[in-house]
Every structure is written in structure tokens, then in C-alpha cells.
J.: 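Have a look at the structure that comes next, please.
Just the heavy atoms: all of them, side chains too, but no hydrogens, waters or symmetry mates, feed the values below.
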Amino acid sequence: MSLKDIPDRWKRFNPEKPPYMFFPGRTRKQTSILSGLALVVCTGIGFVFLQITEKHKRDHNKDEVYLEYARKNLTIDQEAQISNQAEAFRQIMLKARRERMGLPPQKHGSVDISDPFDS
């Protein structure tokens with residue numbers, strides 16, 4: 001098959017009605033209106049979906065439920081473990097903050113007990 005056997009479609013090209021795959025025979029103006037309408041519809045659907053999900057999230061806030069559940073069902077050991085872990089994380093963050101600020105590591109105080117009034 002040579003190039004001469006292939007019909008030249010661009011010789012029949014009408015710039016007012018290009019050969020579209022979907023909805024053939026539409027004009028460029030109809031295409032631009034259809035594109036704008038599709039943009040508006042998709043934006044509207046997205047906005048409605050966002051409003052529904054935000055309302056669902058507001059109405060079904062589980063933080064209070066989980067706090068009450070934890071208050072009722074945690075053992076004393078579990079509470080101690082959680083508070084110890086939070087304290088360890090706090091110490092790690094404070095140490096990292098001191099290093100970022102260029103400060104030396106914090107020195108621990110003396111554990112020797114001395115009476116200042118004892119001579």
C-alpha cells in the first residue's frame with residue numbers, strides 16, 4: 001500500500017465542523033459550550049460531595065466516644081504505660097530542640113544531699 005492509495009482526509013476538512021469522535025457534526029461553539037457545561041457540572045458535583053463528607057465528619061465525630069471508651073476500659077498499667085511513653089517522647093523532643101538551637105545537653109543536678117546549715 002502506498003501513500004497515494006490513502007485518501008487525504010484533510011482535504012475534506014471543514015474547520016467549522018471538525019471530525020469529532022463523540023457527537024459528530026457539532027460546531028466549535030457547541031464544543032466550547034459543552035466543555036464549559038461539563039466543567040460547571042463536575043465542579044458542582046465535587047462541591048456537593050465535599051459538603052456531604054464534611055457534614056458526615058461533623059456529625060460522626062468519634063473523639064468523645066473514644067475518650068469515654070478509653071476512660072472506662074483502660075487498666076491502671078495501660079494508663080501508666082501511655083503516660084510514660086508520652087513523657088519519653090516529650091523528653092526526646094526537648095533534647096532535639098536543644099540540639100537544633102545549638103545548646104549543650106542539659107546537665108543533671110547533683111544527687112548528694114548536703115545540709116547548708118551543717119558546719
J.: First locate atom CD1 of I33, then atom OG1 of T27, and finally report the distance between them rounded to the nearest 0.5 Å.
T.: 7.5 Å
J.: More than 12 non-hydrogen atoms from neighbouring residues, nucleotides or ligands closer than 6.0 Å to CG on L50, yes or no?
T.: yes
J.: More than 12 heavy atoms of other residues, nucleotides or ligands under 6.0 Å from CD of E87: is that the case?
T.: yes
J.: Any side-chain heavy atom of E54 sitting closer than 4.5 Å to one from R58?
T.: yes
J.: Nearest 0.5 Å, please: how far is CD in Q81 from OG1 in T75?
T.: 7.0 Å
J.: Looking at Q106 and R98, what are the two nearest heavy atoms and their distance?
T.: N-NE, 3.8 Å
J.: Tell me the closest heavy-atom pair linking Q78 and N73, and the distance in Å.
T.: OE1-O, 4.1 Å
J.: Any chance you could measure R26, atom CZ, to R28, atom CZ, to the nearest 0.5 Å?
T.: 11.5 Å
J.: With rounding to the nearest 0.5 angstrom, report the CZ to OG1 distance, F22 to T31.
T.: 13.0 Å
J.: Just how far is it from atom CZ of R97 to atom CZ of R90, taken to the nearest 0.5 Å?
T.: 10.0 Å
J.: Output the distance between atom CG (L67) and atom CZ (R71), rounded to the nearest 0.5 Å.
T.: 5.5 Å
